[in-house]
Amino acid sequence: MDGVTSQENRQARQRPVWVNPLFGVTDPASGITAVPPRRRLPEGPMTPSAVSRLIRDELMLDGNPRLNLATFVSTWMEPEAHALMGDTADRNLVDRDEYPATAELEQRCIPMLRHLWNAPDPDASLGTSTIGSSEACMLGGMALKRRWVHRNPDRYAAGARPNLVMGVNIQVCWKKFCNYWEVEPRLVPMEGDRFHLGAEEAAGQCDENTIGVVTVLGSTMDGSYEPVADICAALDALEERTGWSVPVHVDAASGGMIAPFLEPDLVWDFRLPRVASINVSGHKYGMVYPGLGWVLWRDREALPGDLVEHVNYLGGDVATFTLNFSRPGSQVVAQYYNFLRLGHEGFRQVQGALREVATHLARQIEGLGCFRLLTRGDQLPVFAFTTTDDVTRFNVYDVSRRLREWGWLVPAYTFPPNRQDLQVLRVVCRNGFSLDLADRLVDDLRGLLPWLRKQPGPMFGPEEGTSFHH
Ligand SMILES: *Cc1c(COP(=O)(O)O)cnc(C)c1O
């Protein structure tokens, strides 16, 4: 990052923020406009109106969140939910004694989710809200590790290194978990048309030091569901052969709020005795603004008691198993709003409509003739596609770049081992993305093709590619 550009960038960073004189920050006495420095705390205050106009102007350069087909995270909520979140922005969720009503709403959401995921005892308070699935996954992973330590005190003391088995398509939070908590990640590579974890491959990676298997519903790479039940069955067979009992954590960051409504008969949740814990992102298909996640454990055995801390300095005895202490309460309020607002049938309709948009859009894109679908949007309302073999003059990165000119944010990226040869585009359909918008996207894509076909060859590569969002 050396050279002219970085020098120019450095100078730009040191220039003060430009302030429109209309904003009224000119000091009447001196006539001098107060210009806040860009990267230092300003000397003095500015008026609220000037600051807010200044910041709104800066934020104009963000992409339009509704046209952001890269993210899984909510970009639209009802005005009533907005208002509710604004009104509760002053609640700290951890102050349970001070805000018992907010705390109560969290304690209502947990059994709702436990019931939705068929936990044996829906009313057991074995779960917590988190700041997102990443924190939820850390907690799930820590419980797996601690259980393994309890079961293997001698091996642990002798320096055995615990490992966690998962597909290479795993979300980055699991790599962080393994890195931060010193667990060996055992990543099963993709092979051929298998773009996620397979049952035999998962069981094949396990040994006496395996703390668990993580399986994803659905994969951030292509929206596909991993075969959770088959993975559990393979681990049952492994246990019979070897005596190693390997628990499963289901990372249902997205699918946890899709599958129960659209595939009630798909058995992926606590109905499988081997499933010890499940997480979901409230801010993905739970349709709350970021950041909110949930994690639930099957039973007391799945959540070692020595991980739970008790604090009494807020008044009362509060049991906590989270990484963050203070957290916003308004996200939980908004989740409760969505639960009451939609109910089971409402969720079924909303998620069903999304799947219709996703499968429709996938078919339309396939119909353009130069793209091959890797998934069809019929599991998560998410699909990945690549260019057909006869396309030589442009690649997925060119498509992503060109779509951006129309405001569409569609990420392009390379698949992980052993399918690095596959370069894909991915579309995530979320609430707020309509059939009409989907048709607009297809029209824009169709309009780009003649230009792309005139290129002498691909113009962009992974280096300049748009970033991959989970
Ligand atoms: C998004 C995602 C995560 C991380 O979730 P955050 O809520 O963004 O922290 C983890 N796993 C999967 C499968 C995801 O899709």
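Note that this is a predicted model, so its numbers are computed, not measured. As the structure lists them, so they are numbered: ligands from 1, and atoms in each ligand from 1.
- In this structure, the side chain of Asn338 engages the main chain of Gly286 through a donor-acceptor pair within 3.5 Å.
- Looking at Arg151 and Glu208, no side-chain N of the basic residue comes within less than 4.0 Å of a carboxylate O on the acidic one, giving no salt bridge.
- Below 3.5 Å of separation, one finds no N or O of Gln171 facing any N or O of ligand 1.
- Residue contacts with ligand 1 for Ser281 involve side-chain atoms from C-beta outward but no N, CA, C or O (heavy atoms, distance under 4.0 Å).
- Taking the ring centre of Phe383 as origin, the terminal cationic atom of Arg376 falls outside the region bounded by 6.0 Å and 45° from the ring axis.
- The residue from Lys284, Met221, Met138 that puts a heavy atom closest to atom 14 (C) of ligand 1 is Lys284.
- For a threshold of 3.5 Å applied to N or O pairs, the pair formed by Ser134 and ligand 1 contains at least one separation below that value.
- Annotation for Arg372: atom CZ does not count as buried by contact number, only 12 or fewer foreign heavy atoms lying within 6.0 Å.
- Arg298 places no side-chain N or O within donor-acceptor distance of the main-chain N or O of Leu303, the cut-off being under 3.5 Å.
- A heavy-atom distance below 4.5 Å is found between the side chains of Glu226 and Asn169.
- Annotation for ligand 1: atoms under 4.0 Å from non-hydrogen atoms of Ala253 are 2 (C), 11 (N), 12 (C), 13 (C), 14 (C), 15 (O).
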Identify every side-chain donor-acceptor pair in residues 431-442 under 3.5 Å, counting partners at least two apart or on other chains, and give the distances.
{"unit_1": "Ser434", "atom_1": "OG", "unit_2": "Asp436", "atom_2": "N", "d": "3.4"}
{"unit_1": "Ser434", "atom_1": "OG", "unit_2": "Leu437", "atom_2": "N", "d": "3.1"}
{"unit_1": "Asp439", "atom_1": "OD1", "unit_2": "His360", "atom_2": "NE2", "d": "2.8"}

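- Looking at Cys173 against ligand 1, only its side chain comes within 4.0 Å, counting heavy atoms.
- Taking every heavy atom of Gly132 and a limit of under 4.0 angstrom, the matching atoms of ligand 1 come to 7 (O), 9 (O).
- If you number the atoms of ligand 1 from 1 as listed, the ones under 4.0 Å from a heavy atom of Val216 come out as 13 (C).
- Assignment of His283 to the shell around ligand 1 is supported, since a heavy atom sits closer than 4.0 Å.
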